[in-house]
Structure formats: structure tokens, C-alpha cells
Amino acid sequence: MGRKLFSYFKKNYSWLIILFFWVIYMVFISSNPTSDAYSNAYSSLRGNDLFRPHHLLYNLLGYIVLLPFSSIEPITILQYLNVLFAVGCLVILRIILKRVNNNEMIIATSLLFVGSCFGFQRFAIDNECYIVPLFFSLLVMNFIQSFLRKNKMSKIVLSAFFSAIGCLFHQIVIWVLIASFIVVCFNKKKKYINSFITISFIIPI
């Protein structure tokens, strides 16, 4: 078992890059949260202003996550939550890259570059509302990429659904939804187009 595990990570060492950043983010969560981070934490803790127009579901997610915890600093829990979503971003990015190029060195280098970028790190370790929609955006890109390889309705359903959910976590994901819809339109099959549009009505509803 140990040899098989060693052999796997030797061939797929990009997972170690992801694990490395997971540890780094967990250890170095922000000790100087922004005013927005405190505001989000207060809303999630008290249940006030849970549904804000620009990031409708973010504080609600924090509220649900905080329910089981009473003895831990709320903002710390919410920072750890963003760390998990940031690691999820790297995992999905690895999947996307793996489809494009199977070269482990390129994958590992790309993950190292993304994981060490200030912009990504800055939101990964604080209670800001941008990492969660980025996670859903990458999830959408993953399903669209998969759809382009194998035209399956399930990929359309998942990409449209997570586009809509991403938009509800932050409105900027609308650009991902539009780009995904354009890709679907190029396929020219009405059942795909209609399905995408129908599921996207989650947003206004």
C-alpha cells in the first residue's frame, strides 16, 4: 500500500503542490481581516442582511456553516471555509489542465503559479466573497470542457446549474454564464440551448 501510494504521488506530484498550499493557507489565515470580512462574518453570525444584492448567498452559506460552532471565533471558521474552496479551485484546475496536457511538470508548475499569486492567496485566507464564485466558475469551465469532448446533456445541465449558483454567490459570474451559453449555442442543438436557458432561470427566480 505504501509503495503504491509513493508511486502514485511520484507520477502525480502536482497533488503535493495542492496539499502544500492547503497547509500554507490554513497556517497563514489573515490576522488582519478587511472591513468587508468582518461585515460578512457579523451578518453570518447574527443572521442580519444575509441576502446582499452583489453576493446573494455568501452570508447565508456562512450562517449555515457557523450553526454547529459556538466556541470558535466565527471569522476564523469562515476563513477556513474559504481555504477549502481555494483548495477546491486548485483541484478543479488540475482536472482541467489534465485534459489539455498530461505533462505533470506543466500541471505542477501551473498550480504553483496560481496558488502563489497574491490575488488568489489574498482572498483564499480571508472572509471575502470571491473565492466561492471562482470555485463555481472553474466548475462550470470543467463541465463545458468535458461537454466539448463528449456532447452529453448531463454536462449542459451541470454547467448551467453551477453557472446560476455561481451568479448567486457573486454577480460577476454572469460573464462565465454568458461565455458558456455561447459555447452551447455553437453546438446548434435546440435541446441543449433550451435546457441551458431554462436552468439559468434559477437566477431571477
Side-chain angles (χ1 to χ4, degrees), residues 12-26 54-58 60-62 65 78-184 186-187 192 195-196 199-200 202-203:
N12 301 276
Y13 52 86
S14 56
W15 282 112
L16 299 178
I17 302 293
I18 296 174
L19 182 61
F20 167 76
F21 281 119
W22 190 353
V23 173
I24 291 295
Y25 297 160
M26 291 289 282
H54 298 296
H55 46 90
L56 193 71
L57 297 184
Y58 183 75
L60 175 63
L61 174 65
V65 169
L78 297 174
Q79 286 173 331
Y80 284 147
L81 179 65
N82 266 342
V83 168
L84 287 176
F85 275 101
V87 172
C89 288
L90 296 178
V91 170
I92 297 170
L93 180 59
R94 184 184 184 276
I95 294 170
I96 292 172
L97 291 170
K98 196 81 172 175
R99 288 200 193 99
V100 177
N101 194 319
N102 208 31
N103 188 315
E104 190 66 13
M105 176 61 76
I106 292 175
I107 294 171
T109 304
S110 299
L111 290 173
L112 187 63
F113 174 77
V114 172
S116 61
C117 283
F118 172 77
F120 186 76
Q121 288 185 343
R122 177 245 190 278
F123 293 117
I125 61 174
D126 208 350
N127 183 32
E128 293 276 8
C129 61
Y130 303 107
I131 285 294
V132 177
L134 177 60
F135 171 82
F136 284 113
S137 297
L138 286 168
L139 208 53
V140 172
M141 292 176 192
N142 170 59
F143 288 121
I144 285 293
Q145 183 192 48
S146 182
F147 170 74
L148 290 173
R149 292 200 165 195
K150 293 181 180 180
N151 292 357
K152 290 184 177 181
M153 177 60 79
S154 61
K155 306 300 180 183
I156 293 297
V157 170
L158 290 169
S159 61
F161 176 74
F162 286 117
S163 292
I165 297 301
C167 286
L168 295 179
F169 272 99
H170 199 286
Q171 61 192 13
I172 199 170
V173 181
I174 192 68
W175 297 111
V176 177
L177 185 147
I178 292 170
S180 302
F181 181 63
I182 291 171
V183 172
V184 174
F186 272 110
N187 189 272
Y192 293 152
S195 296
F196 196 100
I199 295 169
S200 297
I202 290 173
I203 299 169

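All values derive from a computational prediction rather than experimental measurement.
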Test item: Leu81 and Val132 side chains (from C-beta on) under 4.5 Å apart, heavy atoms: no
_Would you say the ring centers of Phe135 and Phe85 fall short of 6.0 Å from each other?_
yes
CZ of Phe120 to CG of Leu93, rounded to nearest 0.5 Å, is 8.5 Å
(message) Atom CG of residue position Leu60 - does it have more than 12 heavy atoms of other residues, nucleotides or ligands inside 6.0 Å?
(response) yes
### Message
Does any part of the side chain of Val157, heavy atoms only, come nearer than 4.5 Å to the side chain of Phe143, both counted from C-beta?
### Response
no
Does Asn82 use its side chain to pair, donor to acceptor, with the backbone of Asp126 at less than 3.5 Å?
yes
Nearest heavy-atom contact between Ser195 and Ile156 is CB-CG2, 4.4 Å
Leu139 and Ile92 have their tightest heavy-atom pair at CD1-CD1, 3.4 Å
Tightest non-hydrogen contact, residues Leu112 and Phe21, listed as O-CZ, 3.6 Å
**Test side chain to side chain donor-acceptor pair (under 3.5 Å) applied to Tyr80 and Asn127, step by step** = CA-CA 8 Å; Tyr80 284 147; Asn127 183 32; over 6 Å; no
Item to complete: Give a yes or no answer on whether the side chain of Thr109 reaches the backbone of Ile106 with a donor-acceptor pair at less than 3.5 Å.
Response: no
field: Side-chain heavy atoms of Asn151 within contact of Asn187, under 4.5 Å
entry: yes
Q.
Treating Glu104 as the side-chain partner and Ser14 as the backbone partner, does any N or O pair qualify as donor plus acceptor under 3.5 Å?
A. yes
query: Tell me, do Ser137 and Trp175 make a side-chain contact under 4.5 Å, heavy atoms counted?
result: no
### Query
Would you say the ring centroid of His170 lies under 6.0 angstrom from that of Tyr130?
yes
Note: Ala108 and Tyr13 closest approach over all heavy atoms is CB-CE1, 3.6 Å
Look only at the side chain of Gln171 and the backbone of His55, and say whether a donor-acceptor pair between them is shorter than 3.5 Å. no
*Ile18 vs Arg94 side-chain heavy atoms within contact, under 4.5 Å*: yes
Gly62 and Leu78 have their tightest heavy-atom pair at CA-CD2, 3.5 Å
Smallest heavy-atom separation, Ile131 atom then Ala86 atom, equals CG2-N, 3.5 Å
Report task. Would you indicate whether Lys98, at its atom NZ, is surrounded by more than 12 heavy atoms from other residues, nucleotides or ligands within a distance under 6.0 Å? Result -> yes
